[in-house]
Amino acid sequence: MLNIGTPRRCFEQRPQTIGNTNVSKYNALLAPLQIKSLMIRNRIFSTGHVPGYASDGLPTERYFRYHEEKAKGGIGLTIFGGTTAVSPEHTAALWSQLRVADDGVIPHLAGMRERVHAHGAAVMIQLDHLGRRMAWNTENWIPAMAPSPIPEPGHRSFPREMDQHDIDRVIEEFAAATWRAREAGLDGVELSAAGPHIFAQFWSPFCNRRTDGYGGSFDNRMRFSLELLEAVRKRVGPDFVVGMRVPGDEYHSEGLHPEECLKIAKRLEDTGMIDFLDVYGGQSYEHYTFSMTNTNMSFPIAPYLHLPMAFRSEINLPILHAQRIQDIDTAARAISEGATDMVGMTRAHLSDPHIMRKLMEGRPDDIRQCVGAAYCIDQLDFGPAMCLHNPATGREEHLPQTLVRKTSGLRKVVVVGGGPSRA
Ligand SMILES: Cc1cc2nc3c(=O)[nH]c(=O)nc-3n(C[C@H](O)[C@H](O)[C@H](O)COP(=O)(O)O)c2cc1C
């Protein structure tokens, strides 16, 4: 077990035997992980992602149940609120994101904490500013802003260049949002550079063409995130868990290459202000490269596992990683072979939120297997995320995730065209 700091709260401990199945090969997944005083009951988590279940920037009953179900299903950590807007002008209507730009959100975040903690899982929120990826033509109709005015194809935005006032304001907004998460009793926050969003837009030479103190040299490109971390720690102190989602390789000639990604990670670690790093591969600079971050069926299993491996050999922080690790055998191997400290199985939990419970009951074969079709994320352009395999996901209010088999009054039915679903 990786041990950093002193334990504050202990969730369920690792069972010695699981059901009647020989699950020793899965034992690595069941070891708890401690980050500062937070004890996470096992090595499986769901990454920050936006399922489109919020309304007016606030979580709904649908949203609560979606994460609560994963906690019931035995997950170690669930990170809710993908691309959560820290700024008031930042559109929440795009993909129905959460917005945490004022204190009124605190009871709603606390509501999520209660629902998830009730079932023994840890819960964090992903905090974000989309920068140049922000939609300008929804909600507030405010132009996007970014380190540099480079047009963004995904949302057809022509961002204006951030001035010093914008930079100071966004830094303060991240600090205030982190404080709100702490006040709500969440177990931590993940500041997200994924996308790449605002942090990585400052880091990346592709997005950052500035000639002032925030652009050019490596130190200058790091300045925004380092100032931001200082502001965050000033507001929440040293004990609250603050992690970051960071690139391991952007796979783009003008973007961040592996050596520079490691250098960024090392610099973040050296501040002593970061508690974990969640490593991803890819970027969305071009339309066609977006698929590199949301790896679909055309990608091999665990295509970027070498990225957390490289981080683990250089960085002394817990390393998290997701991206097309959809089956527990691959997840167990990734942990037992030391490639990463936690495995994200995000789409896999849309397909089956009860992965860990089934594993611990000795029923790994009953896990409803995600194939990585990425229908869930594609669907976001049209409305709430839905799963190709599991009609109950996102509809837990009306459809139970656990079906009780009837013993009497059975009817014969014929299923025509079941597609990739299973009976
Ligand atoms: C519906 C959906 C929405 C997503 N939104 C976000 C997001 O807001 N922020 C983020 O960092 N990643 C987001 N992602 C990407 C996931 O965090 C994760 O990296 C990706 O699904 C790969 O992991 P997986 O193969 O375990 O699903 C999203 C993924 C899905 C399926």
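Ligands are counted one by one from 1 in listed order, and the atoms in each one are counted from 1 as well. We're numbering straight along the sequence, starting at 1.
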Name the closest protein heavy atom to [atom], giving the residue it belongs to and the distance to 0.1 Å.
atom	answer
atom 26 (O) of ligand 1	Thr346 N, 2.9 Å
atom 23 (O) of ligand 1	Gln323 N, 3.4 Å
atom 27 (O) of ligand 1	Arg347 NE, 2.8 Å
atom 15 (C) of ligand 1	Asn294 OD1, 3.5 Å
atom 14 (N) of ligand 1	His49 CB, 3.8 Å
atom 16 (C) of ligand 1	Thr47 OG1, 3.3 Å
atom 2 (C) of ligand 1	Ile377 CD1, 3.7 Å
atom 13 (C) of ligand 1	Gly48 O, 3.5 Å

- Task: Check side chain to side chain donor-acceptor pair (under 3.5 Å) between Arg324 and all other residues, then give those that pass, not counting sequence neighbours.
- Result: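 Residues passing side chain to side chain donor-acceptor pair (under 3.5 Å) with Arg324: Gln326.
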- Mind checking side chain to side chain donor-acceptor pair (under 3.5 Å) for Arg209 and listing every partner two or more places apart, or none if nothing turns up?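 Result, side chain to side chain donor-acceptor pair (under 3.5 Å) vs Arg209: none returned.
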Can you classify the ring geometry of [X] versus [Y] as parallel (below 30°), tilted (30 to 60°) or perpendicular (above 60°)?
X	Y	value
His67	His49	tilted
His155	Trp95	perpendicular
Phe80	Tyr63	perpendicular

Assess whether a salt bridge exists between [X] and [Y], defined as any Lys/Arg side-chain N lying under 4.0 Å from an Asp/Glu carboxylate O.
X	Y	value
Asp352	Lys358	yes
Asp278	Arg245	yes
Glu173	Arg169	yes
Asp102	Arg180	no
Glu61	Arg115	yes

- Task: Determine whether any heavy atom of Ala348 lies closer than 4.0 Å to an atom of ligand 1.
- Result: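 Flag not set, Ala348 not near ligand 1.
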- Message: So, 4.0 Å and heavy atoms of Pro51: is ligand 1 close enough to count as a contact?
- Response: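 Flag not set, Pro51 not near ligand 1.
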- Message: For atom 1 (C) of ligand 1, which of the options Val50, Asp128, Asp278 provides the nearest non-hydrogen atom?
- Response: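 Checking each option, the heavy atom nearest atom 1 (C) of ligand 1 is found in Val50.
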- Item | Among Gly282, Ser46, Gly82, Ser351, closest by any non-hydrogen atom to atom 8 (O) of ligand 1 |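 Among Gly282, Ser46, Gly82, Ser351, the closest heavy atom to atom 8 (O) of ligand 1 belongs to Gly82.
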Near [X], which atoms of ligand 1 are under 4.0 Å from a heavy atom of that residue?
X	result
Ala322	23 (O)
Met345	26 (O)
Gln126	7 (C), 8 (O), 9 (N), 10 (C), 11 (O)
Arg324	24 (P), 25 (O)
Ala194	11 (O)
Gln326	25 (O)

- Decide whether an N or O pair under 3.5 Å exists between Thr295 and ligand 1.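 Between Thr295 and ligand 1, no N or O pair is found under 3.5 Å apart.
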- Task: State, without any angle test, whether Thr289 and Gln283 hold a side-chain donor-acceptor pair at a distance under 3.5 Å.
- Result: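 On atom types as modelled, these side chains qualify, holding a pair under 3.5 Å.
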- What part of Arg245, side chain, backbone, both or neither, has a heavy atom within less than 4.0 angstrom of ligand 1?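 Near ligand 1, Arg245 shows its side chain, while the N, CA, C and O stay back.
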- Item | Heavy-atom side-chain proximity of His354 to Glu69 below 4.5 angstrom |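 A side-chain contact under 4.5 Å exists here.
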